[in-house]
Amino acid sequence: MDKDGTSAMENKPSLNFLEQIIENDIKNGVNEGRVYTRFPPEPNGFLHIGHAKSICLNFGLAQKYQGKTNLRFDDTNPTKESTEYVNAIRQDVQWLGFQWEEPIWYASDYFDQLYEFAVYLIKKGKAYVCHMTAEEISKGRGTPQTPGVESPWRNRGVEENLLEFERMRTGEYKEGERVLRAKIDMASPNMWMRDPVMYRIMHAHHHRTENKWSIYPMYDWAHGQSDYIEGITHSICTLEFIPHRQLYDWFLDNLDVKGIRPKQIEFARLNLTYTIMSKRKLLQLVEQKFVNGWDDPRMPTISGLRRRGYTPASIRVFADKVGVAKRENLIDVSLLEFCVREDLNKNASRVMTVLDPVKLVIDNYPENLSEMLPAILNPEDPDSEKRMVPFSREIYIEREDFMENPPKKFFRLAPGTEVRLKYAFIIRCESVVKDSEGNITEIHCVYFPDTKSGMQTTRKVKGTLHWVSIEHALETEVRLYDRLFTVPEPENGAEGTDFRDYINPESLKVVKGYSEPHVQTSAPGQNYQFERLGYFCVDKGSSPDKL
RNA sequence: UGACCGAUGGUGUAACGGUAGCACUACAGUUUUUGGAGCUGUCUGUCCAGGUUCGAAUCCUGGUCGGUCAACCA
């Protein structure tokens with residue numbers, strides 16, 4: 001027994017490090033034991049599978065500890081952001097199955113408040129207006145090994161700073177002429193503490209505040225304060241923000257905040273083999289038309305995965321399985337693929353489709369007869385609905401399901417052998433017809449009427465084939481998606497990365513096939529697990545030529 | 001050459017001083033009214049060197065290796 005009175009032998013589910021931090025905070029009554037998280041995307045692109053991990057983390061943690069989660073758009077850089085992205089992101093979060101606390105927040109909601117905070121810091125002598133150029137500031141910052149030098153404007157008076165800051169706001173200066181800086185420590189070993197920029201001048205149109213502002217807060221100045229204003233307790237972000245944490249805390253300390261005090265916690269972002277996860281590069285793929293938009297089914301975006309046929313549940317399970325820790329990771333994309341397969345195998349409807357058809361004639365089946373045979377929509381689901389499949393004398397089977405000279409372990413159709421047609425009868429191959437070049441054009445079989453699916457029979461077969469009645473077949477275009485990239489990832493950096501060297505030409509194939517008529521009545525976006533093909537999504541919601 | 005973060009099989013992740021477990025991958029077998037389905041099994045792991053301890057993946061010291069940081073991006 002430990003101090004809590006619980007047995008050490010008990011099989012407690014293990015907690016990840018975030019859960020441990022939170023449980024610790026709850027135990028110690030930090031922020032009254034409340035858990036309030038937020039998901040704070042910048043609306044400058046579509047969300048991808050990496051964001052999905054963050055979404056599942058933030059919303060999942062709040063759910064687990066009876067807390068709440070805000071959706072906040074970090075829209076502090078008007079030149080890169082748009083309402084189009086805002087809408088796409090909202091849709092993706094909802095589709096994943098999460099509901100944020102209303103209303104949706106925007107960092108731009110706090111521009112006035114942030115301005116007041118900045119004035120407060122100026123009055124405390126903790127911030128100043130600097131006239132140096134971006135280049136001068138960067139140079140003055142020094143290097144990680146050597147201290148920076150102080151700006152000549154660093155020690156000017158409060159009144160002058162106030163006046164200058166006001167002029168920045170009213171738009172008197174051109175972009176780059178002035179900047180508001182926090183007055184911290186030019187010799188700090190942490191580069192982000194060497195008088196970081198809080199505001200820069202941008203004469204840009206903002207998607208929400210329009211032309212009201214000519215100064216915009218930097219991420220560091222906006223983020224922690226936004227967290228504070230919203231009452232966020234645990235501000236979860238990725239590892240590259242670790243050096244920013246000191247600054248995050250400095251701002252909060254110097255604003256003398258009271259009440260809920262947010263805490264920044266970092267975790268390792270998701271990396272996937274064969275998958276580009278950088279928004280900048282995804283934007284490049286879109287802009288340079290390597291793909292047809294952010295929601296192209298070959299993209300690792302949430303909307304791309306959705307169109308590809310991924311289910312929200314499969315992505316949530318994936319996010320859970322990859323775990324969360326502080327070390328850099330590279331998850332094998334096959335884990336993601338495993339998660340969809342597992343979900344779809346359990347839940348997706350089945351339908352028979354033949355992609356590379358060869359005609360098969362059942363010689364002893366009546367010529368003008370056809371019958372409807374009952375089939376299960378999903379054999380993995382005991383409550384599965386049934387569908388009726390038409391059967392007739394002439395059918396298509398997959399060309400690869402027949403071999404004239406089969407090797408030993410070939411259990412499908414060959415001259416003289418018997419197989420079952422799924423949901424139908426056992427047949428035996430009697431002969432084949434070939435064209436002048438020796439290609440098989442017809443396979444002739446006999447069937448055994450007393451072997452209809454569900455009947456008792458003593459005949460044993462080693463294989464079962466899928467098939468489609470020619471007369472009833474529906475011509476379908478089947479889209480097969482493979483991974484977009486065949487190598488792990490194009491070299492980092494390199495503005496001019498030529499994706500052509502990496503793109504898998506087989507990443508999208510449109511194949512003509514024949515399906516049973518059931519497909520016709522199905523809903524747009526319906527997932528099917530095609531027998532022997534894995535799954536694909538019948539995406540009737542968009543026109544095929546869009547791809 | 002500074003500061004910070006990290007290191008457990010091929011890939012991830014657990015074990016919180018007491019049997020190194022789980023999942024994915026790979027491979028093998030088995031099975032089947034189609035499998036990229038099911039079932040069974042196998043392979044591979046605590047970065048190194050010291051120390052503390054009855055006992056170390058875990059604690060300490062020192063190394064090594066990897067990552068991050070010098071946008072008026074987020």
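Just so it is clear, the values below take in all heavy atoms, side chains as well, and ignore hydrogens, waters and symmetry mates. Below, read A as the first sequence line, B as the second, and so on, with proteins coming before strands; counting in each chain starts at 1.
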Does any N or O in the side chain of A:D332 come within less than 3.5 Å of the main-chain N or O of A:L335, such that one atom is a donor and the other an acceptor?
->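 No, because the side chain of A:D332 does not come within donor-acceptor range (under 3.5 Å) of the backbone of A:L335.
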Within the side chain of A:T301, is there an N or O that forms a donor-acceptor pair under 3.5 Å with the backbone of A:W294?
->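 Here the side-chain-to-backbone pair exists.
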Can you tell me, in whole Å, how much space there is between the [atom1] of [N] and that of [M]?
N      : M      : atom1 : answer
B:rA74 : B:rG38 : C1'   : 47 Å
B:rG12 : B:rA49 : C1'   : 28 Å
B:rA28 : B:rU44 : C1'   : 15 Å
B:rG9  : B:rG45 : C1'   : 4 Å
B:rG67 : B:rU52 : P     : 35 Å
B:rU33 : B:rA14 : C1'   : 41 Å
B:rU30 : B:rC22 : P     : 25 Å
B:rU34 : B:rG41 : P     : 24 Å

Among the candidates [options], find the nucleotide nearest to the side-chain atoms of [X].
X      : options                : result
A:M218 : B:rG2, B:rC69, B:rC72  : B:rC72
A:T464 : B:rU33, B:rA74, B:rA70 : B:rU33
A:M352 : B:rG35, B:rU1, B:rU34  : B:rU34
A:N329 : B:rA14, B:rU33, B:rU13 : B:rU13
A:E380 : B:rG35, B:rU33, B:rA74 : B:rG35
A:K80  : B:rA14, B:rG67, B:rC73 : B:rC73
A:Q20  : B:rC16, B:rA74, B:rC72 : B:rC16
A:P189 : B:rU34, B:rA70, B:rA3  : B:rA3
A:I242 : B:rU33, B:rC4, B:rA14  : B:rC4
A:T76  : B:rA74, B:rA3, B:rC5   : B:rA74

Has A:R200 got a side-chain N or O lying under 4.0 Å from the OP1 or OP2 atom of B:rA74?
->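 So the side chain of A:R200 is within the cut-off, an N or O lying under 4.0 Å from OP1 or OP2 of B:rA74.
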Cationic tip of [X] within the cone over [Y]'s six-membered ring, i.e. under 6.0 Å and within 45° of the normal?
X      : Y      : answer
A:R308 : A:Y481 : no
A:R420 : A:F425 : no
A:R178 : A:Y173 : yes

Could you tell me whether the side chain of A:Q145 has a donor or acceptor atom within less than 3.5 Å of a complementary atom in the base of B:rG2?
->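 Such a pair is found, so the answer is yes.
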Name the pairs: protein N/O against N/O of nucleotides 22-32 of chain B, kept only if under 3.5 Å.
none

For [N], the Watson-Crick or wobble partner whose two distances fall under 3.5 Å:
N      : result
B:rG9  : none
B:rU58 : none
B:rU46 : none
B:rU52 : none
B:rU19 : none
B:rA3  : B:rU68
B:rA14 : none
B:rG36 : none

Specify the separation, in whole Å, of atom [atom1] of [X] and atom [atom2] of [N].
X      : N      : atom1 : atom2 : answer
A:H244 : B:rA71 : NE2   : P     : 11 Å
A:K279 : B:rC73 : NZ    : P     : 16 Å
A:L377 : B:rU33 : CG    : P     : 20 Å
A:N190 : B:rC5  : CG    : C1'   : 12 Å
A:F17  : B:rA7  : CZ    : P     : 11 Å
A:H206 : B:rA74 : NE2   : P     : 10 Å

For [X], which contact category applies under a 4.0 Å heavy-atom criterion: base, sugar-phosphate, or nothing?
X      : result
A:R141 : sugar-phosphate
A:M193 : nothing
A:G140 : nothing
A:I137 : base

Enclosure of A:R483 CZ (heavy-atom neighbours >12, cutoff 6.0 Å) |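 Yes.
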N-O pairing of A:R72 and A:D227 below 4.0 Å |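 Looking at A:D227 together with A:R72, the answer is yes, because their closest N to O distance falls below 4.0 Å.
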Salt bridge check: are A:R154 and A:D195 linked by an N-O gap of less than 4.0 Å?
->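 Between A:D195 and A:R154 there is a salt bridge, with a charged N closer than 4.0 Å to a carboxylate O.
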Derivation and outcome, ring-ring contact (aromatic ring centres under 6.0 Å, His included), residues A:F241 and A:Y248 | CA-CA 10 Å; A:F241 290 99; A:Y248 183 102; over 10 Å; no
Chi angles and distances behind the side chain to side chain contact (heavy atoms under 4.5 Å, CB included) call for A:I49, A:I315 = CA-CA 8 Å; A:I49 182 73; A:I315 294 175; 3.8 Å; yes
Anti/syn call for B:rA71, syn if |chi| within 90° |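 The base of B:rA71 is oriented syn (glycosidic angle within 90° of 0).
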Of A:D75 and A:M455, whose nearest nucleotide on RNA chain B comes first from the 5' end?
->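 That would be A:M455.
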Start at the 5' end of RNA chain B and walk down; is the nucleotide closest to A:V324 or to A:E42 reached first?
->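 Here A:V324 is the residue nearer the 5' end.
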If you measure from CZ on A:R350 to CG on A:L344, what distance do you get to the nearest 0.5 Å?
->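 Rounded to the nearest 0.5 Å, the CZ-CG separation comes out at 8.0 Å.
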